[in-house]
Amino acid sequence: WHAFVLKLAKLGTSAVLFGAGSKALGKKSVLLSLFAAFVVEGVHETDPLALSKFFNLFGGGVYWGTWTLVVEFQFYLFFPVFFVYFREHCRGSLRKYLPFMGLIVLAFAFRVIFYSQSGNGQDIGYWTIFGRIDQFMLGAMASLLLQDCKDNPLLRKPQVGLVIALASLLLLVFMYQMLNVREVFVTEPPSSSLWWLLVPAAEGLLYAGLVFGWVIFTREMNGKISAFFAYIGAISYSTYLIHFGVLLFCLQLTSRMGIVFSESVMLNKLLLAILLVYPLTLCLSVLSYELIEKPFFRKRVNYIKTSDN
């Protein structure tokens, strides 16, 4: 664990330093200036001390596209506490869920305290593990529930899993539409909406429901369809990183060429994403995964040790 966390810290530090160096040298290199414009200037209000503050442990913003690395690092930092304590002290069918529920309540209380002091809940509820630990806990609870219900005849039916997954997805779309209308995700200045007290838990619950239902639906699935979805998951981090630039490119392209898919603003953006942004992002993600990620995967060290006990 120590070696793994140290490796993550080194990789994160290297990425941020490379981004900062690209910004500084951007005037002398077209390639570096493009990299700086994409990665560094994307969040021009980035806190210069974010790296030193435990990889944004207390908020303040990060370089564009590195948010997931930041939260992932925080999770692995605290993983031994979750794993060892819950495994050793919370045995039993129902008792093991109590610590997770307790942390969800504490996270909500923490957001309330932060909001009362700062006037916004977005900084803590979006950028840090303290504010959104609900999502890790709800995901863990969904995983445990899957194990506990694996012999339940109702939850072994793919149709039931599909209904749960679709219901969760529709509720997610409805929630994001409602929050967008209320400008809850506005970052400059940070949103002062009280919704941020509930957003992390609501997101965690619905995404847990989506994954829970999807696992049930696809449990018996195999062959080419299963392999296709597995590959989409494998390239998902490349998809996440690349979609920022693709989205900006597609917005500028459609604006300059006067392309409008629908008079409805919502439907126009939806069609833009489905017909242009996502297909182009997937194509670039495949290239990124095959040419960049895979070669690095072959060089990684195995940190998992087997035990004879």
Hydrophobic cluster membership, I232 vs F217, 4.5 Å side-chain cutoff: yes
Nearest atoms (heavy-atom pairs only) where W214 meets A165: N-CB, 3.8 Å
Side-chain heavy atoms of Q122 within contact of V199, under 4.5 Å: no
Y176 and Y207 aromatic ring geometry - parallel, tilted or perpendicular at 30°/60° bounds: tilted
Distance (rounded to the nearest 0.5 Å) between E290 CD and L287 CG: 8.5 Å
Check against side chain to side chain contact (heavy atoms under 4.5 Å, CB included), N268 and V260: CA-CA 7 Å; N268 182 60; V260 178; 3.8 Å; yes
Closest non-hydrogen atom pair, A273 against P279: O-CD, 3.9 Å
Listed partners of L106 passing side-chain contact (heavy atoms from CB on, under 4.5 Å), at least two apart: L103
Beyond-backbone contact of V277 with L251, side-chain heavy atoms, under 4.5 angstrom: no
Within-4.5 Å side-chain heavy-atom neighbours: L280 and I242: no
Whether over 12 other heavy atoms sit under 6.0 Å from L291 CG: yes
Nearest non-hydrogen partners of S193 and V184, listed with the distance: OG-CG2, 3.8 Å
L247 reachable from I259 in the ILVMFWY side-chain graph, under 4.5 Å edges: yes
Path from F174 to I274 over hydrophobic side-chain contacts below 4.5 Å: no
ILVMFWY cluster, L194 and V181 together (side-chain gap under 4.5 Å): no
M178 CE: over 12 foreign heavy atoms closer than 6.0 Å: yes
Pairs flagged by salt bridge (Lys or Arg N to Asp or Glu O under 4.0 Å) wherever residues 239-258 is involved - sequence neighbours left out: none
Minimum heavy-atom distance A142-A208, with the two atoms named: CB-CB, 3.9 Å
Euclidean distance, L197 CG relative to Y115 OH, rounded to 0.5 Å: 7.0 Å
Whether W195 side chain and L179 backbone form a donor-acceptor pair below 3.5 Å: no
Heavy-atom side-chain proximity of I235 to V286 below 4.5 angstrom: yes
Contact check, side chains of D134 and R111, non-hydrogen atoms, under 4.5 Å: yes
Side-chain heavy-atom pair M101, V105 within 4.5 angstrom cut-off: no
Any side-chain donor near an acceptor of the partner, S285 and S238, under 3.5 Å: no
Check: S168 side chain, I164 main-chain N or O, donor-acceptor pair, under 3.5 Å: yes
Test item: R219 and P158 side chains (from C-beta on) under 4.5 Å apart, heavy atoms: no
Approximate separation, where rounding is to 0.5 Å, of L198 CG and M175 CE: 10.5 Å
Single-linkage hydrophobic cluster M137~L98, side-chain heavy atoms < 4.5 angstrom: no
Atom pair CG/CD1 of L155 and I216 - distance to nearest 0.5 Å: 4.5 Å
Aromatic contact, Y289 with Y231 (centres under 6.0 Å): yes
L146 vs F212, side chain to side chain contact (heavy atoms under 4.5 Å, CB included): CA-CA, chis, key distance, verdict: CA-CA 7 Å; L146 271 172; F212 183 86; 3.5 Å; yes
Reported NZ-to-OG distance for the pair K269 and S264, which is rounded to 0.5 angstrom: 10.0 Å
L145 backbone acceptor or donor facing Y97 side chain under 3.5 Å: yes
Validation row: F100, L138 side chains within 4.5 angstrom (heavy atoms): no
Spatial distance of atom CG (L270) from atom CZ (F261) [nearest 0.5 Å]: 11.0 Å
